[in-house]
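Below: the structure, in structure tokens.
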Amino acid sequence: MGIISWIILGVVAGFIGSKIVNKTGQGMIMDIVLGIVGAIVGGLIFSAFGASGVTGLNIYSLIVAVVGAVVVLWAYHQFSGSRTL
């Protein structure tokens with residue numbers, strides 16, 4: 001997957017993840033970063049359970065990235081002290 005695909009997937013996954021976790025976005029750059037990190041974390045989580053991780057720019061990869069983004073956002077809020085859950 002190219003860098004543009006990772007950025008697109010990161011934007012969408014970060015935005016959806018932020019809406020799930022705290023109903024407001026973290027800002028465009030933070031959403032992208034958390035979405036990309038979430039895609040990596042989601043891929044690791046899904047791989048640990050025997051499923052494939054991020055496979056490209058498709059719906060399955062978006063679901064994996066959103067799950068990872070939610071986990072990353074939850075951890076981010078736990079460590080940053082802003083508990084909006």
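What's counted below: heavy atoms across the whole structure, side chains too, no hydrogens, waters or symmetry copies.
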Q.
Quick check: do V21 and Y76 have side-chain heavy atoms less than 4.5 Å from each other?
A. no
Q | Those residues that, when tested against V12, pass side-chain contact (heavy atoms from CB on, under 4.5 Å) (two or more places apart) | A | I16, L62
Q.
Test of understanding: with side-chain contact (heavy atoms from CB on, under 4.5 Å), list the residues that count as partners of A69, not counting sequence neighbours.
A. none
